[in-house]
Amino acid sequence: MSAIDPSTAAPAVRRLDEPRLLIPLALFALYVIWGSTYLGIRYALESYPPFLLAGVRFLGAGLAMYVFLRLRGVRPPTPRQWRNAAVTGVLLLLGGNGLVCFAEQSLSSGIAAVAVASMPLFAAVFSGMYGQWPSRRETVGLLVGFAGVVVLNLGSGLSGSRLGALALIVAAMSWAFGSAWSKRQDMPAGPMNTSAQMLCASAALLLLGFGTGEQLPAHPTVRATAAVVYLALFGSIVAFSSYLYVLKHARPALATSYAYVNPPVAVLFGVLLAGEHVGPFDLAGMAIILLGVCVITMAKKPAR
C-alpha cells in the first residue's frame, strides 16, 4: 500500500470560517433580522426623527465595533479605505436606510419592505455595468421574485405620500449602486469594514438630521428606545456585517436576495406583533418570492 501524503489528504474537520458554512448563516441573519427591522424602525419613529434615528443607531454600533476591534489589535483603515468606506456608507446607510426611515413616517413597514424589494433588479443592472451580469438562472429567479413582490403588493392597502414612495425607490437604487461599487474598491478588511462604513454614515446622517431641524426626543418611550438598541445591535452589527460578508463571498444576485425575503418576513412580524391582517394575495406573494429566492440560491456561477 502506498503512503498517503498528508498535504493532499482532505481535512478531517471543516474550518468554521469557510464561506460554505458562513454564507447560509449570514443569509439567515439577513432574511430574519433585517425583515424584523422594518417593524423596529416603525416603533423607533414613535419618538425619534428619521435621520437622527439612523445616525444614533449607526454611531453607537459603529463606535462600539471600532473600539472592540482596535482593542483586539485590528489595524485601522488606511486613508484610501476611509474614503471608500465613507462613499459606500453614505450610499448604503444614508441613501438606503436613512431614506427608509424617512419613508416610514408616512408608509407602513410592510409597504416599505415591499418597495425596497426592487433593489436586486437595480443591483443586477449596476453589476452588469461592471461586466457581471446575472446568469440565466439568476435572471429567472430575479423575475420570479419581482413577480411575487407585485402579487404581494396587490394584497396591500397602498396609502401615504408620493414623496415617501419615491424615497423608497431612491433608497433601493442607492443601496444597489453602493453594493456594486464597493465590490471593486479597496475596502477595510472584515468587521472593520462594517465599523468604518457605519461611523462615516452616522456623521453624514447626524449632519443631515440636525441641518434639517430634527431634534432628539427629551422623553422617548421605552419601546422606541428599545427598538433603537435592537436596530443597533442586531440590525447593524450582526445583519450588516453578514451582508458585507455575503457581498464579498457570493454572487450579487444571492447577496441581494434578502430584499425579496424581507417583505414576507416583515408582513409576518406585523401580523404577530402589530396585529396586521394577511390576505390571500399576501400569502401567494410570499410563496412566489420564496420560490424566486430558491432559484437564485441554487444558481451556480458559470464556468469561465
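Worth knowing before you read on, the calculation uses all heavy atoms, side chains too, and leaves out hydrogens, waters and symmetry mates. In what follows, residues are counted from 1 in the order of the sequence shown. No experiment lies behind these values; they were computed from the predicted model shown.
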Over all atoms of both residues, closest heavy-atom pair of Ala227 and Tyr43: CB-CB, 3.9 Å
Ala180 backbone acceptor or donor facing Arg184 side chain under 3.5 Å: yes
Ring geometry between Tyr66 and Trp82 (parallel below 30°, tilted from 30 to 60°, perpendicular above 60°): tilted
Nearest-0.5 Å distance, CD of residue Gln81 to CG of residue Asn193: 8.5 Å
Same apolar cluster: Val116 and Val125, side chain cutoff 4.5 Å: no
Backbone of Asn262 reached by a side-chain donor or acceptor of Trp34 within 3.5 Å: no
Minimum side-chain heavy-atom gap Thr139-Trp133 below 4.5 Å: no
Shared hydrophobic cluster, Val222 / Leu53 (ILVMFWY, side-chain heavy atoms < 4.5 Å): no
Val238 to Ala29 - nearest heavy-atom pair and separation: CG1-CB, 4.4 Å
Spatial distance of atom CG (Leu208) from atom CD (Glu214) [nearest 0.5 Å]: 7.0 Å
Stepwise side-chain contact (heavy atoms from CB on, under 4.5 Å) test for Val144 and Tyr260: CA-CA 10 Å; Val144 171; Tyr260 283 156; over 6 Å; no
Separation between OG of Ser127 and NZ of Lys183, rounded to the nearest 0.5 Å: 7.5 Å
Chi angles and distances behind the side-chain contact (heavy atoms from CB on, under 4.5 Å) call for Phe122, Phe177: CA-CA 8 Å; Phe122 293 117; Phe177 180 74; over 6 Å; no
Smallest separation among heavy atoms of Gly96 and Ala171, with atom names: O-CB, 3.4 Å
Cluster overlap Leu52 with Leu59, hydrophobic side-chain contacts below 4.5 Å: yes
Any Cys200 side-chain heavy atom under 4.5 Å of Val90 side chain: no
Leu93 vs Thr88, side-chain contact (heavy atoms from CB on, under 4.5 Å): CA-CA, chis, key distance, verdict: CA-CA 8 Å; Leu93 302 180; Thr88 306; over 6 Å; no
side-chain contact (heavy atoms from CB on, under 4.5 Å) partner of Met119, the single match among Leu168, Thr256, Ile169: Thr256
Single-linkage hydrophobic cluster Val229~Leu273, side-chain heavy atoms < 4.5 angstrom: yes
Audit row: Tyr38, Val100, side-chain contact (heavy atoms from CB on, under 4.5 Å) steps and yes/no: CA-CA 9 Å; Tyr38 290 92; Val100 169; 4.0 Å; yes
SG on Cys101 to OH on Tyr48, rounded to 0.5 Å: 13.0 Å
Same apolar cluster (I L V M F W Y, side chains within < 4.5 Å links), Phe146/Trp175: yes
Residues, nucleotides or ligands: over 12 heavy atoms within 6.0 Å of Arg136 CZ: no
Flag side-chain contact, heavy atom, 4.5 Å: Phe126 against Ser179: no
Lys248 atom NZ, neighbour heavy-atom count above 12 within 6.0 Å: no
Over all atoms of both residues, closest heavy-atom pair of Gly98 and Leu205: CA-CD2, 4.2 Å
Validation row: Leu69, Pro191 side chains within 4.5 angstrom (heavy atoms): yes
Note, Arg223 side chain near Glu46 side chain (heavy atom, < 4.5 Å): yes
Nearest-0.5 Å distance, CE of residue Met192 to CG of residue Leu199: 9.0 Å
Atom of Met65, atom of Thr194 and distance for their closest heavy-atom approach: SD-CG2, 3.9 Å
Closest non-hydrogen atom pair between Gly235 and Ala239, with its separation: O-CB, 3.5 Å
Any pair counted as ring-ring contact (aromatic ring centres under 6.0 Å, His included), so long as it reaches residues 193-238, sequence neighbours left out: Tyr230-Phe234
pair Met198-Ser236: side-chain heavy atoms closer than 4.5 Å: yes
Test item: Thr37 side-chain N/O and Leu231 main-chain N/O as donor-acceptor pair under 3.5 Å: no
Salt bridge (Lys or Arg N to Asp or Glu O under 4.0 Å) partners of Arg70, counting only residues at least two apart: none
Min side-chain heavy-atom separation Tyr258-Tyr243 under 4.5 Å: yes
Approximate separation, where rounding is to 0.5 Å, of Leu25 CG and Ser242 OG: 8.5 Å
Contact check, side chains of Val265 and Ser36, non-hydrogen atoms, under 4.5 Å: no
